[in-house]
Structure formats: structure tokens, C-alpha cells
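The figures here come from the full heavy-atom set of this structure, side chains too, leaving out hydrogens, waters and symmetry mates. Naming convention: chains lettered A, B, ... in sequence-line order (proteins, then strands); numbering from 1 in each chain.
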Amino acid sequence: DSGVTQTPKHLITATGQRVTLRCSPRSGDLSVYWYQQSLDQGLQFLIQYYNGEERAKGNILERFSAQQFPDLHSELNLSSLELGDSALYFCASSAWGSGSPLHFGNGTRLTVT
Amino acid sequence: GQQLNQSPQSMFIQEGEDVSMNCTSSSIFNTWLWYKQDPGEGPVLLIALYKAGELTSNGRLTAQFGITRKDSFLNISASIPSDVGIYFCAGQLGAGGTSYGKLTFGQGTILTVHP
């Protein structure tokens, strides 16, 4: 058990809808990362937060947004969903903003129909 | 952007055999990490390497951080059936880089171990 908790485990929704994925980092970790994993793209970095502030952005679509709250949990919001957004979404946390290894949750499997 | 080339893409081996996989990058990383992912689960950290030339072991696993900081390898000795899974290398620029703590992942090596 990595200590990173993600909910829900599975999510099935229709195109055009909006969903929210939630992540609780390991106790004491200040940084949260979101990754998308699909068969053809592998693990792609979306966004990083450190102590409530956005730290780095990757290949995150404008339809997607995230935030980290004062209690350090994070939410990833996906809107105007398309079939191609179906993927595994992982949250990871690390102790600091850089130089410390990432520990991953078990992911949310999103299926858009 | 940065890309990691991980090879081989897949391996089919007999139980008891040793396994070797590697990762190369077009640019330098300050940290190399190796993860294993089982079906339906998130990547689990196996080994973290922080210095060029560093050789680190974790049980039957041994990994090295290349001298050029552009490559790393992972060896698994005396493989067992539970070694089955997908192994990912990942590079991290760390402090001083604009990408902070984010990881860039290789495409993964799918390992199958036949009893």
C-alpha cells in the first residue's frame, strides 16, 4: 500500500459529461502529481501541485483542470468528455516539490461511452 | 520534449533466469527511478538512484545510474513467477530544473515468466 488514496476506482460516463477524480496524498507529502495512462501513450504527466500551488504543467488539455486544497488532497476535473479521454488516471505524491520519489495510487479507470 | 527509450518492449523468460532491461534518454536526468506495475494497480517504486554511477540493490533487483546521466539499467536475478508485470524506468530532473519533481516515463517492459 503506497499510502496514496484515489477515488473512485472506476467511473463510467457519457460523452460531454464532467467528472471529478479525487486524490489523498501520503501523510506528510506536500506535492501531488496527476498522470494519464493509456495503451498508446503510456504514462503522461498532466500537472503537479506543491503545497496548494500549481508547480508544473504537462500535456493537460484545457478541458481538464486540477487543484490542491489546504488539507493537501487534490481533485482533477475533466469536462466535455470525449471517447479519447478513456484512460487510467493516476495520482502520485512526493515529500517535496523535487528530488524525492513519487508514490502512486491505484488509479481511477475512466470509461467514456 | 524529453523522451525515454526503454528496451526491450517485452521479454518471455523461464523461471530462474536473469533479466536485464535498460533506458536511454536524449537529455540528462538527476534522478532515475524504476517502477513495477501489476494489472489494475498503480506503479510501485522499486529502486531510486540519485548519483551518476550509483549501483543500488533491492533484494534480487539491481539498478545503475549511468555515468553520462542519460541512461539506467535494471537487472533481476533468478526470476520468479511473481516478477511478472510491466517495468517502467523514469527520469526526474529534480532541483534546478524547470520540471521540478515530475517524472518522464519510458514505455515499459512487459515481463512474462514461465514456471
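Of the two parts of Lys9(A), only the side chain, counted from C-beta on, holds a non-hydrogen atom closer than 4.5 Å to a non-hydrogen atom of chain B. Heavy-atom distances place the side chain of Leu45(B), and not its backbone, under 4.5 Å from chain A. Residue Gln6(A): no heavy atom, backbone or side chain, is found under 4.5 Å from chain B. Within the 4.5 angstrom heavy-atom criterion, only side-chain atoms of Gln107(B), from C-beta onward, approach chain A.
Under the 4.5 Å side-chain heavy-atom criterion for ILVMFWY residues, no single connected hydrophobic cluster contains both Leu46(A) and Phe105(B). Linking ILVMFWY residues whenever their side-chain heavy atoms come closer than 4.5 Å, directly or via other members, leaves Val44(B) and Leu61(B) in distinct clusters. Cluster membership for Leu110(A) and Tyr33(A), using ILVMFWY side-chain heavy atoms within less than 4.5 angstrom, is not shared. Using a 4.5 Å cut-off between side-chain heavy atoms of Ile, Leu, Val, Met, Phe, Trp and Tyr, with links allowed through other members, Trp32(B) and Leu55(B) fall into different hydrophobic clusters. In this structure, Ile13(B) is a member of the same hydrophobic cluster as Val84(B), with clusters built from ILVMFWY side-chain heavy atoms closer than 4.5 Å.
Rounding to the nearest 0.5 Å gives a distance of 11.5 Å between CG of Leu43(A) and CG of Leu4(B). Atom NZ of Lys102(B) is separated from atom CZ of Arg55(A) by 14.0 Å, given to the nearest 0.5 angstrom. To the nearest 0.5 angstrom, Tyr35(B) atom OH is 5.0 Å from Phe104(A) atom CZ.
Near-neighbour residues of residues 82-92 of chain A relative to chain B, defined by a heavy atom under 4.5 Å from a heavy atom of that chain, comprise Phe90(A). Proximity to chain B at a heavy-atom threshold of 4.5 Å picks out nothing from residues 11-22 of chain A.
Ranked by heavy-atom pairs under 4.5 Å with chain A, the first of Pro43(B), Gly106(B), Ala48(B), Ala90(B) is Pro43(B). Contact tally against chain B (heavy-atom pairs below 4.5 Å) for Gly58(A), Gly107(A), Pro101(A): the top residue is Pro101(A).
Atom CD of Glu54(A) has more than 12 heavy atoms from other residues, nucleotides or ligands within 6.0 Å. Counting heavy-atom neighbours within 6.0 Å of Gln14(B) CD, excluding the residue itself, gives a total above 12. Crowding of Arg26(A) atom CZ: a count of heavy atoms from other residues, nucleotides or ligands under 6.0 Å exceeding 12.
In this structure, the side chain of Gln92(B) engages the main chain of Ser100(A) through a donor-acceptor pair within 3.5 Å. A donor-acceptor pair under 3.5 Å is formed between the side chain of Asn106(A) and the backbone N or O of Gly42(B). Looking only at distances, a side-chain donor or acceptor of Tyr35(A) sits under 3.5 Å from a matching main-chain atom of Leu103(B).
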